[in-house]
Each structure stands twice: as structure tokens, then as C-alpha cells.
There are 2 protein chains.
Amino acid sequence: MNTESHIDCKQCKNRYKSIFCDLKEEEVDVLSLGKACKTYKKGEEIFTQGTPPKGIFIINAGKVKISRLADSGNEQIVKMVNSGEILGYRALLSNEMYSSSAVALEVTSICFLPRHLFFRFIEQNATLAGALLKIAASDLKHTERKLVDLSQKTARERIAEALLYLKEIYGYEQDQTTINVILTRGDIANIAGTTRETSIRVLAGLKKDKIIDFSGKSIKVKDFPGLVSLANISD
Amino acid sequence: MNTESHIDCKQCKNRYKSIFCDLKEEEVDVLSLGKACKTYKKGEEIFTQGTPPKGIFIINAGKVKISRLADSGNEQIVKMVNSGEILGYRALLSNEMYSSSAVALEVTSICFLPRHLFFRFIEQNATLAGALLKIAASDLKHTERKLVDLSQKTARERIAEALLYLKEIYGYEQDQTTINVILTRGDIANIAGTTRETSIRVLAGLKKDKIIDFSGKSIKVKDFPGLVSLANISD
DNA sequence: CGCCGACTTGATTAAATTCAATGTCGGTGG
DNA sequence: CCACCGACATTGAATTTAATCAAGTCGGCG
């Protein structure tokens, strides 16, 4: 939770450059003014569903889940985020309350860029707006795909796809097998849009079929092609 | 299918202005160069899933559904579109094949803006990029919401919500009651992410409960508040 | 040591899909 | 004009899937 000076935070500048490719050095400097860095503990909320957005967040290091809580208490994970990504731009752009919450999955370091700076930049800098547009288009693509999957695939297919998704976002650990993120079975269920029990049963089935392996929360992919064909991905 | 000269098509210019608010007159003129207008028959495809995007489409008049076909043959409607909206920008921005198809639901007049012009504009004109960004943010919001609904709501709630969605997009006819679009039961099912049979049964139930009324394909909303509370909308 | 949170497993239940059959409407051609 | 065709709508019954409910287990931590 400590707030560093923007001068200390060289890492952030590099993030800006990699996200908004082609930004000039002085543009990065201006972006860096007025922003603040924070460290969030595991489980801590970065922003909360139903509250107004005050700026955007850029993840320096760590992992975050974006999820939406229904009145029923059910949680649906909308997106998993890794370091280097932008967070919270959607609500800001449509000028609405956050429709989902962001929670740190581990110790996470995040830069905050206040809204007035954010808007000044996308209004004045077509490159940045274009970069953001591409991010939005990519988010939209992934969300549309999830939408279609949810309505057309079985729980088994969706869990398989969730594992592939996690591998895509977080990659493997050094062993090139273990998916590099620790989640509860409930979280995996909430990515796949099913219940904890179903996710447990499906994971157990995948283990028996030697597609994956696990003991505890780390999941190893033993048969990647098998997982892909199970997930039944179309494009 | 006739292609009009861009000079004839005054309507298009007004569309540009309303979509990309604040465009100057000469910018609209440049946008108008090189574009073409077409009229599509009912059922005709505007673009096809799996093909490369060549530009964006702007609907002058008519109604369109955007849907994605799975290998299984199942169709999921991703979005319903009315006149005045932009179409097909997503695939263009992420530089991918179309992940869904667009089909005219009735006789529909559409302007086409080729990709080189589109990109020149969003690169040079921050206002336009910003406007598009807001459209993308709005699309993303709607898609995220649908995603959550699909995983958490019953078929009845989703059908109720689909009707509200159609009313929001297309409005009522003169009687201020009849939803201003003609769809098959299958289409409604594909919006709600269920089967034709289920959509028929649920619609029959809503009719019996005097929430809606219909004979044939036109649907009348008799109890709007009832429909809203059925749909169980959170935000 | 005992407790808490997460995990696991089995049994039951509910919801919705699937399958099958029939009905209706609009258009088309003889 | 009428018979027929095809597309869509409707209804009932069987089946499947996954949610829900109910216990019991495991592992870490105060």
C-alpha cells in the first residue's frame, strides 16, 4: 500500500512504452507526472464494482482477476490479467461505475494514472488512442468468444478452455508444464462459468485421462494437444 | 445491391457526423470519398465469418444481426444492430478474420468505408479515434454483461432480457407497445443463448402471465415493469 | 490441538436440451 | 382456386447435464 514517488518508478515508464508503443520519451515523462504506484496484497481490491472510476491502472508486476458479482452472490470472472496490462479503462471511457471488481491474486505492484491525464492524452495523441483502440478490440474479441463458448460448450470443454486461457495469459513455470498461477477451484469454476463442484469433478476427470496433473493448487499440463482438442476451439 | 455514387448519398454524410460527433464538414467530405453504398436484401450477408475485413460498414437504414456459427451448427447472436451504427470495426482493428457474420434482417442500406481510409483517419484524427474508442467501450460493456448473464441466469430471465434488449435497440412501433423488429423464435433463442423450443415455451409462459402478447412474429410488451423485474437486471 | 477454509465425493434434483410428432401459415405452380 | 411444399411454430416425452444439497476430508495456522 505504500505510495512511491513517480521519480522512483522507472519500471512504470518502461510499461508505458511497451503498452503504448511508439510513445516519445517526453510523452512518457508527462504520463509519469501525477501518477502513483501502489503495492497491493493478495486478495486486496484494486477497484470495486459499483464505484466510479478515477483513472486507469497499469500492472507492473503481479496478477489480477476481474470479476463481476451478481445479486445472487455468484461470481463470474470476466478477465484474468498479468503484468504489463492496462486495467479499468472501460468504465472510464463509457463514463459509468465499474461493472466489475479487480482483485490482486498475489502481491501486485500497480501504477495509477488519473482520469484527467488519461483523457488529455487520448484526446491529443492519436497514437495512444489507436493503441488503446487495439487493446479494446482485443478485449472485445476475447469477451465475444467467451460469450459464445458459454452458450455452446459443455462444462468439460469450458474448463479445458479455461486452462488454456490461463496458460496463454500466465504461461508456464520453469518446468514448461506447470501453469504459472495459483487459483482456487472456485476461481477456475468462475472463469469457466460453472460451479466449484463441477470444476473439481472435471479437473479430476482430466487428471484421470492424463491430460493434466495436479496435487494441491498447481496444475500441470501433461497433454497440451489433448487439452486443445478437448476445448474444441474453432478459430 | 446497386452501388450509388458518393455524391448521391447525402444520408451517409449525416451518418458520419452523428457517429463521429464533431467531425468538420471537410473531414466528412474526405471520408465520403472512396466509400460506396449498397442495398442488401433480407437474409443477405454483409460480411462472413472467417473472411478478412476490407473496411467498415455504416448502416443508413435497416436492421442487422451479428452472429457466430459454431462447428456444431449452433448460432449465437452477438449483437443486434439498427441504423446509424458502425459495423465490422473489431476484426479490422485486431487485424483478423471476421469472427462472426452480419446478416440483414430486412432490406438494408449500408455504406462501406475501405480500410486504408479508415486507418488513415483513426491515425490522424484523435477525435475520431476517441469516438470509436467510446463505441468499443460500449460494445465491450454490453458483451461483458451478456457473458455474465449467460452463466448466471435462467432461460426465462435471459429471454426476458433479450426482449428488453430488442426494445432498447429497435424501440416500439407507433402503438408504443410492439417491438419494432421481426425475428424468428430461433433468432430470439440465439440471442438468449438457448434453443428454439425453450424460447417458444418461455414466450408462451410470458404470454400466459400477461407480460407480453403476440400472434405471429410481432411481440407486444404488455407489462414493461414486469418484464424488467423478470429479467433481473443488476446495474 | 482444534478450527477454518478449501477440497472432494456421493446422492438428489431441477432445468433445459434433445428427440419426435404435429400444426400453421404463406407462397407457388398446376 | 386449390393442393402442396417448405419454413417455422408448437407441444409432449425422454434424456442429459450440471446445479444443488449433504457429508466428510485435508492442510495449514493460531
Side-chain angles (χ1 to χ4, degrees), chain A residues 41-43 65 70-77 103 105-106 148-163 181-208 212-219 230 232, chain B residues 41-44 65 67 70 72-77 103 105-106 148-163 181-208 212-220 230 232:
Chain A
K41 291 194 286 279
K42 178 177 175 176
K65 70 171 177 182
D71 301 328
S72 63
N74 267 15
E75 179 189 356
Q76 170 68 40
I77 293 182
V103 176
L105 296 170
E106 55 181 50
V148 175
D149 289 347
L150 216 45
S151 79
Q152 300 191 338
K153 291 189 174 177
T154 64
R156 189 177 167 93
E157 290 170 322
R158 296 200 308 269
I159 293 278
E161 191 161 7
L163 294 176
V181 64
I182 300 293
L183 296 174
T184 67
R185 299 299 144 103
D187 280 333
I188 294 174
N190 292 336
I191 295 173
T194 183
T195 60
R196 185 167 31 99
E197 292 95 324
T198 299
S199 106
I200 287 167
R201 280 185 253 261
V202 170
L203 288 173
L206 295 178
K207 184 178 178 180
K208 192 159 57 165
I212 63 170
D213 197 12
F214 58 83
S215 67
K217 290 188 186 163
S218 289
I219 296 178
L230 257 181
N232 208 7
Chain B
K41 290 193 286 279
K42 177 177 175 175
E44 207 174 341
K65 69 172 175 181
S67 67
S72 63
N74 266 14
E75 179 189 357
Q76 170 68 42
I77 293 182
V103 176
L105 296 169
E106 55 180 48
V148 175
D149 288 348
L150 217 43
S151 78
Q152 300 191 337
K153 290 189 175 178
T154 64
R156 189 176 166 93
E157 290 170 321
R158 295 201 308 269
I159 293 278
E161 191 161 7
L163 294 177
V181 63
I182 300 293
L183 296 173
T184 67
R185 298 299 143 104
D187 280 333
I188 294 174
N190 292 337
I191 294 173
T194 183
T195 59
R196 186 166 30 101
E197 291 95 325
T198 299
S199 106
I200 286 167
R201 280 186 253 262
V202 169
L203 287 173
L206 294 179
K207 184 179 179 180
K208 192 159 53 162
I212 63 171
D213 197 13
F214 58 83
S215 68
K217 290 187 187 162
S218 289
I219 295 177
K220 290 179 194 300
L230 257 180
N232 207 6

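Below, chains carry the letters A, B, ... as their sequence lines are ordered, and counting in each starts from 1. Side chains included, hydrogens not; waters and symmetry mates left out as well; all remaining heavy atoms used.
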Checklist entry - Given C:dA15, is OP1 or OP2 found less than 4.0 Å from the side-chain N or O atoms of B:Thr198? => result no
Checklist entry - Does the side chain of B:Thr195 get closer than 4.0 angstrom to OP1 or OP2 of C:dT17 through an N or O atom? => result yes
Could you check which of [options] has an atom nearest any side-chain atom of [X]?
X	options	answer
B:Thr154	D:dA18, C:dA16, C:dT17	C:dA16
B:Arg196	C:dT9, D:dA18, D:dA9	D:dA9
A:Glu197	D:dT10, D:dC21, D:dA18	D:dC21
A:Ile200	C:dA16, C:dT8, D:dT10	C:dT8

Checklist entry - Side chains of A:Leu230 and A:Leu206: closer than 4.5 Å at any heavy-atom pair? => result yes
Can you tell me how far [atom2] of [N] sits from [atom1] of [X], to the nearest Å?
X	N	atom1	atom2	answer
B:Arg158	C:dT17	CZ	C1'	12 Å
A:Arg185	D:dG27	CZ	P	13 Å
A:Lys153	D:dT16	NZ	C1'	20 Å
B:Leu203	D:dA9	CG	P	10 Å
A:Asp187	C:dG5	CG	C1'	13 Å
B:Glu157	C:dA16	CD	C1'	14 Å
B:Ile182	D:dC8	CD1	P	14 Å
A:Leu150	C:dA16	CG	C1'	15 Å

Next on the checklist: Quick one, B:Arg158 with B:Asp149, criterion salt bridge (Lys or Arg N to Asp or Glu O under 4.0 Å). Give me CA distance, side-chain angles, the key distance, then yes/no.
Outcome noted: CA-CA 7 Å; B:Arg158 295 201 308 269; B:Asp149 288 348; over 6 Å; no
Checklist entry - Do A:Asn232 and A:Glu157 get their side chains close enough for a donor-acceptor pair, meaning under 3.5 Å? => result yes
Checklist entry - For the base of C:dT18, is there a side-chain donor-acceptor partner from B:Arg201 under 3.5 Å away? => result yes
Item to check | Least distance between heavy atoms, A:Ala192 atom then A:Ile159 atom | outcome: CB-CD1, 3.8 Å
Next on the checklist: Under 4.0 Å, counting only non-hydrogen atoms across every strand here, what does B:Thr184 touch: a base, just sugar-phosphate, or nothing?
Outcome noted: sugar-phosphate
Item to check | Cationic tip of B:Lys220 above B:Phe214 ring, under 6.0 Å, 45° of axis | outcome: no
